[in-house]
Chemist: 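Handing you a structure now.
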Amino acid sequence: MEKEILIVSITNDIHALAVRKYLNDNFNLKTRLLCVDGQAGKSIVTIDSKGNYLLTDDKGERFSLHSIGLIWWRRSKASQVNIEQYSESEQELINNDWGAFLKGILMSHYNGKWISHPVKTELSSNKIFQLDVANKLGFMIPRTLISNDPGAVFKFVNSVEKLIVKPLHGTKKKLLFTQFVNKENLNSESIEVVPAIYQEYIKGSIHLRVNVFGNNFYTAAIETDELDWRENLNVPIREYNLADIDKQRILRLLKKLELKMGIIDMKILPNGEIVWLEINPQGQFLFLEPITNQNLLHNFSKFIYGELRKTTHNNV
């Protein structure tokens, strides 16, 4: 009997829903969705000392991890929905314990393939870690300071023409865009309260969104003078042919990070050189499909299916 695919994500995640439907419809492949934020009060889960357990997918169907051949670790952190009637401390308990349960049972009772492994996904999401790896592999990176020391920050500000700041991790409560630093408004209190990433502004108007699924690359060039292109997509966006030397360096980075896929942001300098910015192990990519006609839904689903077939073949 062919193994199933399990997508771990949040309620109403367009990527998860679209990929599940495509896999079911076009590959005749049973694909389940486990909503990490939709468990409280709806799912019945058990695990005993003998390792007997069942989970519940978003359609209310019970299943065992023995039926799963691949897990797409899409989105794993979210608060439970529909628990507003509980106190703040009760909500914290519910959220923490559901998170611990789901991650614990998957990490301890599932031995199949991950896209990508939770531990590697979390580590690679750390911007300090990924920046260090990229630097050691020879990527050109912006001049960077990560600090909450006012003296060091003010010194760095005065050493660059233009400075930007972005959070190390951010918050689920608000989308924080990369911002220019206004030197006149910078103060010691705001610097000291939390460390941040301060970087020299990279000139140029061509941003690259590099989607890597296994060994396959689907790159888009986004042309805008805006610092953070996510604020406005009503700009020229086109398919971009990344040079082989850049592809090989990115593949070495993914191997070093132990990731099966990655969504990478880079920028092209006026002289044509490419500067590394960051990688998101599970970034958004489907918004590019109607713009670049790269068939990203099909290509990603084919990648997932191929990884499952490799697993099934290896277990024969």
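Remember, it's a predicted structure, so these values are computed and weren't measured experimentally. One-based numbering along the sequence shown.
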Chemist: Does atom CD of Glu231 have more than 12 heavy-atom neighbours from other groups under 6.0 Å away?
Modeler: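 Yes, because the 6.0 Å sphere around CD of Glu231 holds more than 12 heavy atoms from other groups.
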
Chemist: Counting only heavy atoms not in Lys302 (residues, nucleotides, ligands), do more than 12 fall under 6.0 Å from its NZ?
Modeler: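 No, the 6.0 Å shell around NZ holds no more than 12 heavy atoms from other groups.
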
Chemist: Whether Arg230 and Asp228 form a salt bridge (side-chain N of Lys/Arg under 4.0 Å from carboxylate O of Asp/Glu) is what I want to check.
Modeler: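 Salt bridge present between Asp228 and Arg230.
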
Chemist: Near Glu189 CD, under 6.0 Å, is it more than 12 heavy atoms from other residues, nucleotides or ligands?
Modeler: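 Counting neighbours around CD of Glu189, 12 or fewer heavy atoms of other residues, nucleotides or ligands fall under 6.0 Å, so no.
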
Chemist: Looking at Asn187, I want to see if its CG is surrounded by more than 12 non-hydrogen atoms of other residues, nucleotides or ligands under 6.0 Å.
Modeler: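 It does: Asn187 CG has more than 12 such atoms within range.
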
Chemist: Tell me whether Tyr22 shares a hydrophobic cluster with Met261, the cluster being built from Ile, Leu, Val, Met, Phe, Trp, Tyr side chains joined at under 4.5 Å.
Modeler: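 Yes, one cluster joins them.
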
Chemist: Does Ile7 reach the side chain of His15, with side-chain heavy atoms less than 4.5 Å apart?
Modeler: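 Counting from C-beta outward, Ile7 and His15 never come under 4.5 Å.
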
Chemist: What I'd like to find out is whether the side chain of Arg209 reaches to under 4.5 Å of the side chain of Asp265, using heavy atoms alone.
Modeler: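 In short, these two side chains touch, coming nearer than 4.5 Å.
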
Chemist: In the hydrophobic clustering that connects Ile, Leu, Val, Met, Phe, Trp and Tyr at side-chain heavy-atom distances below 4.5 Å, which members other than Phe180 occupy its cluster, ordered by chain and number?
Modeler: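 Besides Phe180, the cluster holds Ile164, Tyr201, Leu227.
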
Chemist: So does Lys260 get a backbone contact from the side chain of Ser116, meaning a donor-acceptor N/O pair under 3.5 Å?
Modeler: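 Indeed, once roles are kept as given, a pair shorter than 3.5 Å links the two residues.
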
Chemist: Are Leu102 and Leu65 grouped together when hydrophobic residues (ILVMFWY) are joined by side-chain heavy atoms under 4.5 angstrom apart?
Modeler: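 Looking at the clustering, Leu65 is in the same group as Leu102.
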
Chemist: Using the six-membered ring wherever Trp is involved, compare the ring planes of Phe303 and Phe300 and label them parallel, tilted or perpendicular (cut-offs 30° and 60°).
Modeler: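 Phe303 and Phe300: tilted rings.
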
Chemist: Applying the side chain to side chain contact (heavy atoms under 4.5 Å, CB included) test to Trp276, which of Leu253, Leu137, Val133 qualifies?
Modeler: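 Going through Leu253, Leu137, Val133 one by one, the side chain to side chain contact (heavy atoms under 4.5 Å, CB included) with Trp276 is satisfied by Leu253 alone.
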
Chemist: Are Ile14 and Ile5 connected in a single hydrophobic cluster, I mean Ile/Leu/Val/Met/Phe/Trp/Tyr linked by side-chain heavy atoms less than 4.5 Å apart?
Modeler: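 Per the 4.5 Å side-chain linkage, Ile5 and Ile14 are not co-clustered.
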
Chemist: For this output row, return yes or no: ring centroids of Phe285 and Phe213 closer than 6.0 angstrom.
Modeler: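 Between Phe285 and Phe213, the centre distance is under 6.0 Å.
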
Chemist: May I have all residue pairs that pass side-chain hydrogen bond (donor to acceptor under 3.5 Å, both in side chains) and include part of residues 246-258, sequence neighbours excluded?
Modeler: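 Matches after skipping sequence neighbours: Lys120-Glu258.
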
Chemist: Between the main-chain N or O of Thr11 and the side-chain N or O of Asp58, is there a donor-acceptor pair closer than 3.5 Å?
Modeler: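 Pair absent, no side-chain N/O of Asp58 close to backbone of Thr11.
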
Chemist: Only counting residues at least two apart or in another chain, list the ones meeting side chain to side chain donor-acceptor pair (under 3.5 Å) with Lys21.
Modeler: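 Result, side chain to side chain donor-acceptor pair (under 3.5 Å) vs Lys21: Asp25.
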
Chemist: Would you say Glu122 has more than 12 foreign heavy atoms packed within less than 6.0 Å of its CD?
Modeler: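 Atom CD in Glu122 is not packed in, count stays at 12 or less.
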
Chemist: State, yes or no, whether a side-chain contact exists between Thr219 and Val210 at a heavy-atom distance under 4.5 Å.
Modeler: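 Touching, per the 4.5 Å side-chain cut-off.
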
Chemist: According to side-chain hydrogen bond (donor to acceptor under 3.5 Å, both in side chains), does anything in residues 150-163 pair up with another residue at least two apart or in another chain? List the pairs.
Modeler: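 Non-adjacent pairs meeting side-chain hydrogen bond (donor to acceptor under 3.5 Å, both in side chains): Arg143-Ser159.
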
Chemist: State whether the number of non-hydrogen atoms from other residues, nucleotides or ligands found under 6.0 Å of Phe129 atom CZ is greater than 12.
Modeler: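 It does: Phe129 CZ has more than 12 such atoms within range.
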
Chemist: Taking atom NZ of Lys42 and atom OG1 of Thr56, what is their separation to the nearest 0.5 Å?
Modeler: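 Going from the NZ atom of Lys42 to the OG1 atom of Thr56 covers 12.0 Å.
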
Chemist: Tracing side-chain links under 4.5 Å among I, L, V, M, F, W and Y, which residues wind up in one group with Ile197?
Modeler: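 Same cluster as Ile197: Ile128, Ile146, Leu168.
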
Chemist: May I ask whether Trp229 and Ile237 are part of the same hydrophobic cluster, defined by side-chain heavy atoms of I, L, V, M, F, W, Y residues being less than 4.5 angstrom apart, directly or through others?
Modeler: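 Yes, Trp229 connects to Ile237 through the hydrophobic network.
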
Chemist: When you compare the side chain of Leu55 with that of Phe101, does any pair of heavy atoms fall below 4.5 Å?
Modeler: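 Side-chain contact under 4.5 Å: yes.
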
Chemist: May I ask you to decide if Tyr218's main-chain N or O and Tyr240's side chain share a donor-acceptor pair within less than 3.5 Å?
Modeler: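 No, because the side chain of Tyr240 does not come within donor-acceptor range (under 3.5 Å) of the backbone of Tyr218.
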
Chemist: Side-chain contact, heavy-atom cut-off 4.5 Å: Ile274 with Ile268?
Modeler: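 Yes, at least one pair of side-chain atoms sits under 4.5 Å.
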
Chemist: Can you find a pair of side-chain heavy atoms, one from Leu269 and one from Met140, that are under 4.5 Å apart?
Modeler: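 Yes, side chains in contact.
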
Chemist: Check the hydrophobic clustering (I, L, V, M, F, W, Y; side-chain heavy atoms under 4.5 Å; chains of links allowed) and say if Ile206 and Phe139 are grouped together.
Modeler: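 Hydrophobic grouping puts Ile206 with Phe139.
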
Chemist: Got a sec, which residues hit ring-ring contact (aromatic ring centres under 6.0 Å, His included) with Phe156, two or more places apart in sequence or on another chain?
Modeler: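 So Phe156 forms no ring-ring contact (aromatic ring centres under 6.0 Å, His included) with any residue.
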
